[in-house]
Asker: 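Before I ask anything, here is the structure I am working with.
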Number of protein chains: 2
Amino acid sequence: MAAPRRRPRADARRNYERLLAEADAAFREQGTDASLEGIARRAGVAIGTLYGHFPNRRALVGALLRERNEALFEHGRHLLAGADPVRALTDWVHAVVEHAAAYQGLAALLAGGLDDQESELHASCVTMNEISDELIAAVRSAGALRQDVTGADVFTLMNAAAWTRERMPAEHADRLLRLAMDGMLEPGAVSG
Amino acid sequence: MAAPRRRPRADARRNYERLLAEADAAFREQGTDASLEGIARRAGVAIGTLYGHFPNRRALVGALLRERNEALFEHGRHLLAGADPVRALTDWVHAVVEHAAAYQGLAALLAGGLDDQESELHASCVTMNEISDELIAAVRSAGALRQDVTGADVFTLMNAAAWTRERMPAEHADRLLRLAMDGMLEPGAVSG
DNA sequence: ACCTGAACACCGTTCAAGT
DNA sequence: ACCTGAACACCGTTCAAGT
């Protein structure tokens, strides 16, 4: 059933890697709206080669995030196994905000990716939501939740904070996080 | 000292108005990144005419917002004179979020405009901040503030919520607002 | 005083032709 | 199987020439 996955041609593999490397550099410098033509040029390939490997911009971003996402989710599941659910949730939120602020424009892609099945980032967004949900459930079990909060609320907050970090001084995003966490948690339970 | 302000030529005034009308329509439909050439085309003028009236995109947005801003600030000062500071702050936050969600992309312009003196939106951002500060001061005097919060925190929150409204279902933004307001205010004081 | 539109320098995306 | 780059359709911005 599955298409026979042959090993790619050596030049194809090299182009793929060079494109990823240049895309990462360009996105870091100029955000996720950086010119695709510029990326191809810097990678030393024709623009058609870029499109051959990545049908659209999100596919490029998705490929770049793949490994980092796995590490992030691993971290989240690790936190879930810990003893202090409030601390786990706080750590998780900060880790994801850090992650989502890697490129200017990434927060917008993530925010759009949860409800858009077509998005190459959809699966990651769903997983972020699930881990957030489980962490919230743990906090609720510990009786440290002030009100009805869902993983979706946490997802929204993380993206909003990442976006804030993209365009305002860093402490603004931190203060927004603290404010919302204070609204979420029982007084006295708040950490970090 | 001031340059003698003559009344503009009739055709110039008409072009100015048509450009504003078409820009408003385009920004509503496609966000603040809508094509300026398209706006000029729809207004029936050459692209150079648009640049003659508005040196850049922000100037166009700023001109469109001018009247609406005045109404918004008037509303804010009116709230300031009211009897219930918590309700006033809540109303203010909702009004600004509504305002900032007029065009997709506007929240980003506002978030960047507070610290950028060059921005045509700078003055409005400063005023928003000031009104927020005064409302916070009133809430503090009433003893309803849970912690140290500034007008800048309110400004950040309003922009983050407006951005959320641009790219996620509306209730997500509302829940983020409620969460952060709950973190700001003493339990029991929260309204709306 | 204002308007026009060509000119320049860029883009995203596709696809026939090559190897 | 993959790569190339011309082709198409678009864009922001400036500025000499017109009225």
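Protein chains get the first letters and strands the later ones, always in sequence-line order, with residue 1 at the start of each.
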Asker: side-chain contact (heavy atoms from CB on, under 4.5 Å) with B:Pro55: which residues, sequence neighbours excluded?
Answerer: B:Ala59
Asker: Which whole-number value in Å describes the distance from B:Tyr16 OH to C:dC2 P?
Answerer: 13 Å
Asker: To the nearest Å, give me how far apart CZ (A:Arg9) and P (C:dT19) are.
Answerer: 13 Å
Asker: Can a side chain N or O of B:Asn15 be found less than 4.0 Å away from OP1 or OP2 on C:dC3?
Answerer: yes
Asker: To the nearest angstrom, how far is B:Leu60 atom CG from D:dG12 atom C1'?
Answerer: 13 Å
Asker: Filter on side chain to side chain donor-acceptor pair (under 3.5 Å), then keep only pairs touching residues 31-50 of chain A, sequence neighbours left out; what's left?
Answerer: A:Glu22-A:Arg42
Asker: In chain order, what residues pass the side-chain contact (heavy atoms from CB on, under 4.5 Å) check against A:Asn129, with sequence neighbours excluded?
Answerer: A:Leu114, A:Ala152, A:Phe155
Asker: Can you pull out the residues from residues 25-57 of chain A that lie within a 4.0 Å heavy-atom distance of DNA chain D?
Answerer: A:Val45, A:Ala46, A:Ile47, A:Gly48, A:Thr49, A:His53
Asker: With a 4.5 Å heavy-atom cut-off, do B:Tyr16 and B:Arg13 have their side chains touching?
Answerer: no
Asker: Mind checking side-chain contact (heavy atoms from CB on, under 4.5 Å) for B:Thr164 and listing every partner two or more places apart, or none if nothing turns up?
Answerer: A:Thr156, A:Ala160, B:Met168, B:His172, B:Ala173, B:Leu176
Asker: Can you list the stems that include DNA chain D, where a stem is three or more consecutive Watson-Crick or G-U pairs with distances under 3.5 Å?
Answerer: C:4-8 with D:12-16, C:12-16 with D:4-8
Asker: Can you run down the salt bridge (charged side-chain N to carboxylate O under 4.0 Å, His left out) pairs that involve residues 125-137 of chain A, sequence neighbours left out, and say none if there aren't any?
Answerer: none
Asker: Just grab all the side chain to side chain donor-acceptor pair (under 3.5 Å) pairs involving residues 56-66 of chain B, residues at least two apart or on different chains.
Answerer: B:Asn56-B:Glu120, B:Arg58-B:Glu120
Asker: Between B:Arg58 (CZ) and D:dG12 (P), how many Å, whole number?
Answerer: 16 Å
Asker: Once side-chain hydrogen bond (donor to acceptor under 3.5 Å, both in side chains) is applied, do any residues pair with B:Arg68, and if so which ones, sequence neighbours excluded?
Answerer: B:Tyr103
